[in-house]
Amino acid sequence: MSEQLNGIFPAVCPLDCPDQCSLLLHKTAGKIVKIEGDPSHPVTQGAICNKVRNMKERLYDDNRLRFPLKRVGPKGKDSRFERITWDEAIATITDRWKDLIAKNGPESILPYSFYGNMGRIGTEGMDRRFFNRMGASRLLYSICESAGTEGYTYTMGGSFGTDPEDTVHAKLIIMWGINAVSTNMHQVMLAEKARKNGAQIIVIDAHKNQTGRWADWFIPILPGTDAALALGLMHILFSENWVDDAFLKQFTVGHEELREHVRQYEPTVVAAITGVPVEDIYRLARLYGQTSPSFIRIGNGIQHHDNGGMCVRTIACLPALTGQWLHRGGGAIKGNGAYLEHNVSALQRPDLREKSTRQINMNLLGSALLELDPPIHALYVYNSNPALVAPHANKVRAGLERDDLFTVVHDLFLTETAKYADIVLPATSSFENTDFYRSYWHQYIQIQLPVIAPYEESKANVDVFRLLAKGMGYEDQALLETDEALIRQALDHPGNPALKDITYEGLLKTQYAKAQIKPLFPGQLRTPSGKVELYSTTMARKGFPALPTYVPLFDEGDLPFLFIPAPNHNFLNSTFANNEKHVRMEGKPKLHMNVKDAETLGLASGDWARVWNDRGECELVVHAGTDVLPGVVVSQGLWADSKDGKALVNALTPDRVADMGSGATFFSGRVHVEKRQNE
Ligand SMILES: Nc1nc2c(c(=O)[nH]1)N[C@H]1C(S)=C(S)[C@@H](COP(=O)(O)OP(=O)(O)OC[C@H]3O[C@@H](n4cnc5c(=O)[nH]c(N)nc54)[C@H](O)[C@@H]3O)O[C@H]1N2
Ligand SMILES: Nc1nc2c(c(=O)[nH]1)N[C@H]1C(S)=C(S)[C@@H](COP(=O)(O)OP(=O)(O)OC[C@H]3O[C@@H](n4cnc5c(=O)[nH]c(N)nc54)[C@H](O)[C@@H]3O)O[C@H]1N2
Ligand code: SF4
Ligand SMILES: [Mo]
């Protein structure tokens with residue numbers, strides 16, 4: 001920790017946000033008094049979002065956990081806790097685990113985590129080593145982008161796309177299923193620069209939110225139909241000969257098959273599927289076919305659907321048709337994480353596992369807790385809040401309520417999940433820890449050293465796992481190593497030449513460093529053929545159509561509305577949902593619906609609506625207008641339980657698994673809507 005009580009210290013935003021801003025923390029008398037952007041960072045350039053500008057309130061929030069707790073009341077919303085010491089906490093946990101391992105084996109224990117903090121040694125370092133050594137069940141980290149990532153990989157060979165810094169050169173920018181104003185604000189800033197140089201900005205979304213309002217042209221689309229729109233564009237690009245034949249021949253496989261295949265996606269057919277009028281499909285195809293460089297930012301929204309993997313796989317084919325990958329600023333970004341891939345096996349040490357262990361899909365947490373055989377007897381949650389963020393929340397909560405389930409939660413706050421815990425452990429914030437960070441959008445790696453002392457008795461993830469290892473009697477060297485050693489091992493990656501010049505010492509000096517990345521073309525693509533795979537034999541082998549294809553959403557029956565519970569502007573998933581200031585900034589949980597639907601149901605803006613299906617119900621404040629098409633309703637944000645707990649949008653979401661990546665289908669559920677009775 002910096003011993004200086006006053007000063008300005010460099011930092012990294014730890015949140016699960018593509019922008020991964022460099023920050024400057026102002027410290028007075030040992031406390032952070034101001035958080036601002038670091039103007040020196042080439043991408044984030046000192047601009048940060050409002051939620052992090054206001055994060056100091058969260059650091060010193062009265063509700064922040066100060067010491068370990070044990071539960072003395074019932075599990076769930078009426079839970080009560082008592083203070084215990086760290087020694088008692090660690091002894092209670094490890095005694096229970098030892099007993100479970102002796103009786104049921106280590107796979108009866110399940111770690112559950114995600115990226116509440118993106119620091120790599122804390123989220124996928126010491127924790128993985130510890131649970132590998134134990135031989136616990138493994139979690140499949142599939143809640144976020146896995147469907148789209150698998151889809152994109154079939155086409156492009158991995159999470160490799162355009163360097164966002166180059167997108168200022170684009171002349172056409174399409175934000176496709178991304179609420180970038182809220183979720184990737186520096187892509188918006190870069191697009192603004194491009195716009196000043198004459199670029200047009202198109203947004204394709206199911207909801208005209210602030211990103212749609214910022215666009216030069218907003219195209220509303222029926223959810224789950226984007227692959228059909230992309231195929232309709234391909235139909236026109238081929239038939240009008242707006243394709244780059246030289247690029248297709250040299251750098252793709254399957255362009256002749258694709259040309260034949262997309263004949264069926266006539267604009268009239270596509271218009272009927274997508275709700276996008278024929279003339280708009282033509283206009284979009286003409287702009288895309290005749291503007292260069294063109295850049296597509298592919299969001300996560302389109303892949304939280306039953307057909308999300310195939311949808312992203314399909315959109316990812318578009319830049320190749322017009323040869324955009326050879327134009328500076330052209331191409332697409334779904335995610336860029338693969339460029340900065342660190343030495344994962346050195347950090348996680350899968351070799352510590354004595355034998356192979358079962359893997360459990362985090363999207364099926366409810367079923368895993370209720371139905372799995374042999375059962376899960378203990379759950380260890382950190383960096384995540386599954387009681388709010390996981391699909392089919394009522395099933396998840398029924399699982400968490402099990403009397404015989406021993407649950408530990410490590411967090412900064414007494415989250416909805418922590419209320420089900422037997423033992424709660426207080427976590428440090430990222431500004432109290434050492435870690436390294438790599439963006440999944442820009443190409444910089446950054447380091448964080450502790451700026452402030454740990455808050456009260458809170459501990460970093462890595463330190464808790466060191467204590468747990470000791471309690472379990474594990475003496476492996478891998479579990480004793482320092483933070484610095486972990487970072488060095490992760491950065492030392494002969495398999496990724498882009499990291500060659502990025503070292504621990506270098507990062508200490510410069511705070512952040514850009515990876516040395518070779519252009520994708522020619523010769524860098526990691527598909528089996530080394531080319532853009534418009535036709536994928538890998539997909540055919542796995543039972544998918546080999547060519548991009550529109551597959552309709554799963555039919556949930558005749559419930560009248562498709563429900564899209566998306567993220568909001570002022571929270572980061574459920575982070576900030578328990579901080580008063582951020583809740584105030586966000587207002588009330590709303591239900592956006594088309595005014596025609598509202599009228600039919602006798603609803604007006606400001607009314608409370610009850611939204612339900614056979615998985616659950618919630619109550620939201622109606623916002624009627626023309627921002628969504630008829631038949632679609634949209635909410636924003638993962639809200640904390642209120643006294644009556646009715647804002648839990650994930651009570652309604654399906655735990656069906658997407659077509660690829662064992663991904664989540666948050667946006668493919670259907671619901672009924674009615675006026676709340678006691679209005
Ligand atoms: N402020 C803020 N920023 C965040 C987050 C947050 O919670 N708040 N979360 C972070 C995380 S973990 C992630 S993964 C990203 C997610 O951020 P994004 O990549 O922006 O993805 P979403 O916000 O889930 O969805 C984006 C848009 O997709 C639209 N959409 C839904 N279904 C469809 C469809 O079928 N077709 C089309 N065209 N549009 C559709 C939604 O209306 C929404 O506007 O943001 C990160 N950044
Ligand atoms: N309906 C609906 N549900 C969704 C989504 C959606 O769009 N709609 N989005 C999904 C997506 S894309 C994602 S990525 C997931 C995200 O789901 P989560 O990863 O669970 O994200 P958060 O809700 O932000 O929870 C992170 C928790 O980690 C804690 N935390 C932060 N730092 C640390 C630390 O250093 N140590 C420990 N132990 N804890 C820490 C925070 O306090 C917080 O409670 O949600 C998914 N759920
Ligand atoms: S949440 Fe995103 S935009 Fe906001 S400070 Fe963090 S990285 Fe930057
Ligand atoms: Mo995510």
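Small disclaimer: the values here were computed from a predicted structure and weren't measured. Residue numbers count from 1 along this sequence. As the structure lists them, so they are numbered: ligands from 1, and atoms in each ligand from 1.
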Numbered atoms and elements of ligand 1 in range of [X], under 4.0 angstrom, heavy atoms:
{"X": "Ile564", "value": "31 (C), 32 (N)"}
{"X": "Cys144", "value": "14 (S)"}
{"X": "Pro223", "value": "34 (C), 35 (O)"}
{"X": "Gly299", "value": "19 (O)"}
{"X": "Ile204", "value": "38 (N)"}
{"X": "Leu572", "value": "2 (C), 3 (N), 4 (C), 5 (C), 6 (C), 7 (O), 8 (N), 47 (N)"}
{"X": "Asn209", "value": "44 (O)"}
{"X": "Asp226", "value": "34 (C), 35 (O), 36 (N), 37 (C), 38 (N)"}

Practice item. List in chain and number order the residues that pass ring pair (Phe, Tyr, Trp, His ring centres under 6.0 Å) with His235, two or more places apart in sequence or in another chain; answer none if no residue qualifies. Key: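 If we apply the ring pair (Phe, Tyr, Trp, His ring centres under 6.0 Å) test to His235, skipping adjacent residues, there are no hits.
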With only distance considered, is [X] within less than 3.5 Å of ligand 1 through an N or O on each side?
{"X": "Tyr440", "value": "no"}
{"X": "Asn570", "value": "no"}
{"X": "Asn300", "value": "yes"}
{"X": "Phe571", "value": "yes"}
{"X": "Gly224", "value": "yes"}
{"X": "Thr225", "value": "no"}

Review point. Does ligand 1 have an atom under 4.0 Å from some heavy atom of Ile302?
Key: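 Heavy atoms of Ile302 do come under 4.0 Å of ligand 1.
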Review point. With a 4.0 Å cut-off on heavy atoms, is Glu145 touching ligand 1?
Key: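 Contact check Glu145 vs ligand 1: negative.
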Check your understanding: Strictly by modelled atom types, are Ser430 and Asn117 linked by a side-chain donor-acceptor pair under 3.5 Å?
Key ->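 No - no donor-acceptor pair under 3.5 Å links their side chains.
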Practice item. Using only heavy-atom distances, determine whether the side chains of Arg438 and His342 contain a donor-acceptor pair under 3.5 Å. Key: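 Judged by distance alone, the side chains do pair up.
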Point to revise | Protein N, O or S within less than 2.8 Å of atom 2 (Fe) of ligand 3, waters excluded | key: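 Near atom 2 (Fe) of ligand 3, the protein supplies Cys17 SG.
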Check your understanding: Can you check whether Val12 reaches Ile447 side chain to side chain, under 4.5 Å on heavy atoms?
Key ->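 The answer is no; the side chains never approach within 4.5 Å.
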Review point. With side chains defined as the heavy atoms from C-beta onward, is the minimum distance between Leu229 and Leu284 less than 4.5 Å?
Key: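 In short, these two side chains touch, coming nearer than 4.5 Å.
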Review point. Are Arg58 and Phe576 in a cation-pi contact, defined as NZ or CZ under 6.0 Å from the six-membered ring centre and within 45° of the axis?
Key: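 Arg58 over Phe576 ring: yes.
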Review point. Quick one: is the NZ or CZ of Arg128 closer than 6.0 Å to the six-membered ring centre of Tyr141, and within 45° of its axis?
Key: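 That pair qualifies as a cation-pi contact.
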What is the nearest protein non-hydrogen atom to [atom], stated with its residue, atom name and distance?
{"atom": "atom 46 (C) of ligand 1", "value": "Asp16 O, 3.5 Å"}
{"atom": "atom 26 (C) of ligand 1", "value": "Gly177 O, 3.2 Å"}
{"atom": "atom 24 (O) of ligand 1", "value": "Pro567 CD, 3.3 Å"}
{"atom": "atom 15 (C) of ligand 1", "value": "Thr183 CB, 4.3 Å"}
{"atom": "atom 7 (O) of ligand 1", "value": "Asn573 N, 2.7 Å"}
{"atom": "atom 25 (O) of ligand 1", "value": "Gly301 CA, 3.2 Å"}
{"atom": "atom 33 (C) of ligand 1", "value": "His305 NE2, 3.6 Å"}
{"atom": "atom 43 (C) of ligand 1", "value": "Asp205 OD2, 3.5 Å"}

Review point. Got a donor-acceptor contact below 3.5 angstrom from the Asn361 side chain to the Ser662 backbone?
Key: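 Looks like yes, one N/O pair under 3.5 Å.
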Check your understanding: Would you find a donor on one side and an acceptor on the other, under 3.5 Å apart, between the side chain of Asp435 and the backbone of Gly122?
Key ->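 Confirmed, Asp435 side chain pairs with Gly122 backbone.
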Practice item. Decide yes or no on side-chain contact (heavy atoms from CB on, under 4.5 Å) for Phe563 and Leu591, but give the supporting numbers first. Key: CA-CA 9 Å; Phe563 178 52; Leu591 186 73; 4.0 Å; yes
Review point. How far does CD1 of Ile201 sit from CD of Glu192, to the nearest 0.5 angstrom?
Key: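 Going from the CD1 atom of Ile201 to the CD atom of Glu192 covers 5.5 Å.
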Review point. Just how far is it from atom CG of Leu638 to atom CZ of Phe571, taken to the nearest 0.5 Å?
Key: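 Reported to 0.5 Å precision, the distance equals 8.5 Å.
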Practice item. Examine His186 together with His442 and report whether their ring centres are nearer than 6.0 Å. Key: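 For His186 and His442, the ring centres are not under 6.0 Å apart.
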Practice item. Indicate, with yes or no, if the rings of Tyr382 and His410 have centres closer together than 6.0 Å. Key: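 No, the ring of Tyr382 stays outside the 6.0 Å limit from the ring of His410, centre to centre.
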Review point. Taking only residues two or more places apart in sequence or in another chain, which ones pass salt bridge (Lys or Arg N to Asp or Glu O under 4.0 Å) with Lys34?
Key: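 Result, salt bridge (Lys or Arg N to Asp or Glu O under 4.0 Å) vs Lys34: Glu36.
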Exercise for review: Just jot down the salt bridge (Lys or Arg N to Asp or Glu O under 4.0 Å) partners of Glu586, sequence neighbours excluded, or say none.
Suggested key: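 None.
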Exercise for review: Give a yes or no on whether Gln210 atom CD has more than 12 heavy-atom contacts from other residues, nucleotides or ligands under 6.0 Å away.
Suggested key: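 Enclosed.
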Review point. Where is the tightest heavy-atom contact between Ser439 and Pro18, given as atom of each residue plus distance?
Key: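 Taking Ser439 first and Pro18 second, the nearest heavy atoms are OG-O, 2.8 Å.
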